[in-house]
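For reference, the structure is listed below as structure tokens.
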There are 2 protein chains.
Amino acid sequence: MTNRNVQAMDEARRSASFDSKKMAEAIYGREEHNRHITAFQRVEQALDTADNMKLPPCYRDMNRQELLLEGLRTGKVVYEDGVDNNCGVFEYVTHHGSLANASPFGLMRFLFIPPVKQLGTDEQIAQWVPLAEAGKIIGSYTQTELGHGTQVRGIETTATFDKETDEFVIHSPTLSSTKYWPGGLGVVSTHTLLMARMILDGKDLGVHAFIMQIRSLDNFKPLPGIELGDIGMKMAYNGTDNGYAIFNHVRIPRTNLLMRHCQVARDGSYTSNPLRQKLAFGGMLSGRGIIARAATFQLAQALTITTRYSVIRQQGTLSPLGEPTAIIAYKHQHSRLLSLIAKSYISLLAWKSANAASADLKSRQERGDHSTLPYIHMLMCGLKAWSTQTAADGAEEARKMCGGYGYLAISGFPEIAASVTATCTFEGENFVAKYLLKGFDAKKLPADMAYMSEYETVAEDKEVCCAAGEDLLAHDALQEIFDYRAATSAREVHEAVKASERAGKSRLEAENTHALQLHVAARAHIERFILSAAVWQLNCLPAATPSAIKTVLGRLISLFGLTAIASPLEPFASSFLGYGYITSSHLKDMQKQIDDLLEVLLPDAIALTDAWSFSDASLASALGCADGDICARLLAWTRQLPINVEAAKNGGVFKKGWEENIRPFLNRDLSHLDVKAKL
Amino acid sequence: MTNRNVQAMDEARRSASFDSKKMAEAIYGREEHNRHITAFQRVEQALDTADNMKLPPCYRDMNRQELLLEGLRTGKVVYEDGVDNNCGVFEYVTHHGSLANASPFGLMRFLFIPPVKQLGTDEQIAQWVPLAEAGKIIGSYTQTELGHGTQVRGIETTATFDKETDEFVIHSPTLSSTKYWPGGLGVVSTHTLLMARMILDGKDLGVHAFIMQIRSLDNFKPLPGIELGDIGMKMAYNGTDNGYAIFNHVRIPRTNLLMRHCQVARDGSYTSNPLRQKLAFGGMLSGRGIIARAATFQLAQALTITTRYSVIRQQGTLSPLGEPTAIIAYKHQHSRLLSLIAKSYISLLAWKSANAASADLKSRQERGDHSTLPYIHMLMCGLKAWSTQTAADGAEEARKMCGGYGYLAISGFPEIAASVTATCTFEGENFVAKYLLKGFDAKKLPADMAYMSEYETVAEDKEVCCAAGEDLLAHDALQEIFDYRAATSAREVHEAVKASERAGKSRLEAENTHALQLHVAARAHIERFILSAAVWQLNCLPAATPSAIKTVLGRLISLFGLTAIASPLEPFASSFLGYGYITSSHLKDMQKQIDDLLEVLLPDAIALTDAWSFSDASLASALGCADGDICARLLAWTRQLPINVEAAKNGGVFKKGWEENIRPFLNRDLSHLDVKAKL
């Protein structure tokens, strides 16, 4: 059995049309790839998780408190590795490849330091950032409240300036103003960046950011007037504490207000910089980019596990001789798998383009040029929304494709799928939608919407796509179809919103009425960017890149485009079809091209997932064995589960369960029933 | 705050166009409704979970072993309530409304007793069923193996007959033959129904069912030669143990072979009934029905929580005055919510029809008439696939619609979404697809496919739907569109399969090539049944049913149909559009009708979810408060979490974390770094 599985994996690996190491260098760059590999090795050695036959600590049947202790143990090693080696890898991800804020220490680089850098004066930055970076304090970011979510507008917590003592008084005036959800807040962090409503001379000046110490560094007790606690188990991220806080007139120095873009003077006078909003965006943009990147990486992890499992696992037969068939041979399995692999590659390539655009904005802003901010803001919002949604749905689908095993903790899937779904919110698409409407309202379409002018009037089933057959594989043919959909749906919804306004609705109401169509238009605009960005990245590959690499990336892009349009299983597929631009004859041609692509890509499946993997142990998956020896690992890990180890000590009996419940159940007095059968 | 929330809930409840109690009686029947209400009350009292301000035991931060203990505690109460009151409710669901096999005792009625009844002789039934029903033994069902899933074909475990001792020898010959996954097997059950390959005189006679005692009833130890264990944490169902078993030449009496449809005599001679296969189907059919029903109920639970939360939770504003707006007012929220509520109602109505058809088959089979078996088998497979997929996707979407709170264990969502997704498999649709192909291959279309003859040739963008505007609300107009899609896609894929066969492929290969189109055709055929069954159930309501009830159910059916076709967010929506039968003008008309339906249904949202709810406590949700007092319940439950209770005893410090990791982290020697800032 073992041999058969190892052999099957070996064959699947040898069937590739390209060298997976060269692919890794093409998509990551050689230097980055090596940095990741060595960083994971270092940390896995320190955490003693490198032996793949040993049950990973995260599966040691832990309760809330034990999970948090394990998160602290691993988070400490990972953070300190980052400090000592300055390699950048673990600023963004944990040793399992999830977002850094899955660790109570990881929150610091992700949510504490960036806003301090953005909102603090040079002095404040010099004071707080080095302490946080070195780990002399533990910072968190405290915004959301029991009654209010991510919109700062609803925040009720107050920071009232007391001129006499030169202090702000932090207070939770209502039950619903309880701070609730912030990572690290409840149990671990010593300091927090607090968002609160500033009151000066009885006047509400809106929400501002403060640095606040919340625990004693000596005995770690919450400072007087502060109630702190954990908010309990979550679907994932249980290695960190998300917390709540209630403030009862807690005093902090005036100088703890972050004063780069606004100031409160000793006499209580207030000044603020008109650029405050614009300057605040930078950090959020890079945050969105990091989230998109991490989500894509987690999708890749999920697909690595599923691909490996699909090569090994047999079910039923496709052969006339009745020989068992590996499930990857089934169309239902490999079509979904390869479409998701394509999405994951495209997502990475698009991210590279967006990241470059974002870096360009940053250097422009340093020169005082904010002109590209609205575009980049829209782009990062849209990309984050698309990437995280794609990753969350994809990881969940990958989990389901492993049948019952995907349901088991030791498969690694529940943690991956649940942690990636946490990154997924809908807000991103709202920004894109508003941007599109604004673009149409302007005198001239912004540059990134210029392609829409090619499709001037809303089509009424008139235009028909002119590509057919194999031509539909061409990236520019696909781009045209994506552009057509995006232009048509954006223009249509813009007209609908205008019509609602003419009928007397406010803009807000009109947008709400057409929210679903706006959602589609936003997605279409982002997706046409993603397609074009992936093609751009392909064309930018160094000349030395082997042609086999370019060929397979080109195929993945075609598969991505064709699937989005012609797969009945894709949500949003119908948005390509409503206008008559794509006919049933196109759909048939596309289906044929998809079938051919799937066939030619199938032997590359394992190599495609090998290419993006840094470490077997980081998957923490009994199914995701690079060597294919799945049965042995599954059984070894199962036998090491504490419940089994303990039962073995009692002759195979789960003692407490037997004594407290099972024995009483079996011995219950049943004289009120008429049971005749005897054992 | 509290008052505002309670008031908002009150208003939302009063805005309904109908009486929710009357709705409950219409969809459940008065008697069944009362039976459920009283059963939940009884059990909640016994389990001490009725007080909604008390943290439910399931959130007491438990590890694997504690979760199992809690599952045993609650399972015992629930099972014994079923035995003593014979009310039928807890044969199928737990006290939280999940499928009965979420409890180690619940497996008995769901997976042990039914196959014994089906496959056992009258004597065997008289011997085992009363013992299981009364709880004198604890039964499980052992089929799947480490290397093989639900297809019995791959089973490797052997049962070799030893003529000399009149015993079967049960053995696991390979690592991959380890029994893996069966519920209750590893820790709790005393007996199991074992599926193993029967070897008689060296001849492999295929897989048969045996009753096997696996643990001592005296000391509960595994019997000699048997290794048993738990397979660890799962996404849900952690109140029960799923287990593994390895057998080393274990002997059981010959008479433990279940012999209703096949026999092994004392001399080792084998006989079997040609009807064996057909007679075995009955129990699986009712099992599928129970799963579909339970999944629909869990979707309803998820939607109840989300609807209640959406009425209370405010975010942003739609008002020109900037007053905060409840999130249910946003189109994105209420359109998804109401479409899901519609799906849940339609799913329940369709289940009632399928259940009646299944009961009809049972009484026919008792008279020896198996003629409707293939149809009912297809129907239950398809309905189960559709209902569970709809429920899993819907519950997950409902969870996401509650933002961050849906991620929190105490919201109740993680457990609901994870347990309903366990019921969801794709196998059902395969059966439907094969049935459709067979139907076309036959000389005459079977009765349930007769509607397809209305659409004889595969459409080539020729026919166009003739309904428009408000006529698209009519159930028969929608039925025609559903029928058209089902007929066209089935016929098209049948021709494609035939063409592949003509090109030299085997039927299996041809089916695999066109697997995705087959999937769509299967779904289309089932969905047209679901629509027609829901309409049928509406028309069958007693004459005394208030017309307001009929009106709202009629609207839900229209919303269901229109959304399936015209919502760009629906997967499979594109399968309606590929043929040109639906044009962009239809889509616009439908969108308008959907918008109108959403507006008129919005005030009914709370009443629609009140109607199907049996108990607040069964939701185990801090968000799902019938009275709307969400903030108070959330904070009360949070404060009662053990990690917080314990920290409070230490002055607010999570002691172990502080001592073992946080203090060492903060005090780490940083002399190798150059940190100038001081605290």
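In what follows, every chain begins at residue 1, and chains take the letters A, B, ... in the order their sequences are listed.
A salt bridge is defined here as a Lys NZ or Arg NE, NH1 or NH2 lying under 4.0 Å from an Asp or Glu carboxylate O, and B/E227 with A/R639 meets this definition. Looking at B/K331 and A/E511, no side-chain N of the basic residue comes within less than 4.0 Å of a carboxylate O on the acidic one, giving no salt bridge.
Side-chain contact annotation: B/S176 with A/R4, donor-acceptor N/O pair under 3.5 Å absent.
Of the possible polar contacts, one joining the A/Y405 side chain to the B/L146 backbone as a donor-acceptor pair under 3.5 Å is found. Between the side chain of A/N512 and the main chain of B/A329, a donor-acceptor pair closer than 3.5 Å is present. Between the side chain of B/R215 and the backbone N or O of A/G652 there is at least one donor-acceptor pair closer than 3.5 Å.
Interface remark: A/Y244 contributes side-chain atoms only to the contact with chain B (heavy atom separation under 4.5 Å). The part of A/Y180 that comes within reach of chain B is its side chain, from C-beta onward, which places non-hydrogen atoms under 4.5 angstrom from that chain.
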(request) Check step by step if salt bridge (Lys or Arg N to Asp or Glu O under 4.0 Å) holds for A/R668 and B/E80. (result) CA-CA 9 Å; A/R668 191 164 80 110; B/E80 291 174 358; 3.4 Å; yes
(request) For side chain to side chain contact (heavy atoms under 4.5 Å, CB included), just list the numbers for B/L408 and A/K234, CA-CA rounded to whole Å, side-chain angles, deciding distance to a tenth of an Å, and then say yes or no. (result) CA-CA 4 Å; B/L408 210 56; A/K234 296 146 289 186; 3.8 Å; yes
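Between B/F105 and A/F665, the ring planes lie parallel to each other; the angle is under 30°, not in the 30° to 60° tilted range.
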Result block: side-chain N/O donor-acceptor pairs under 3.5 angstrom for residues 672-679 of chain B, not counting sequence neighbours:
unit_1	atom_1	unit_2	atom_2	d
B/H672	NE2	A/D84	OD1	2.7
B/D674	OD2	B/K676	NZ	3.2

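Closest heavy-atom contact between A/S574 and B/L577: CB-CD1, 3.6 Å.
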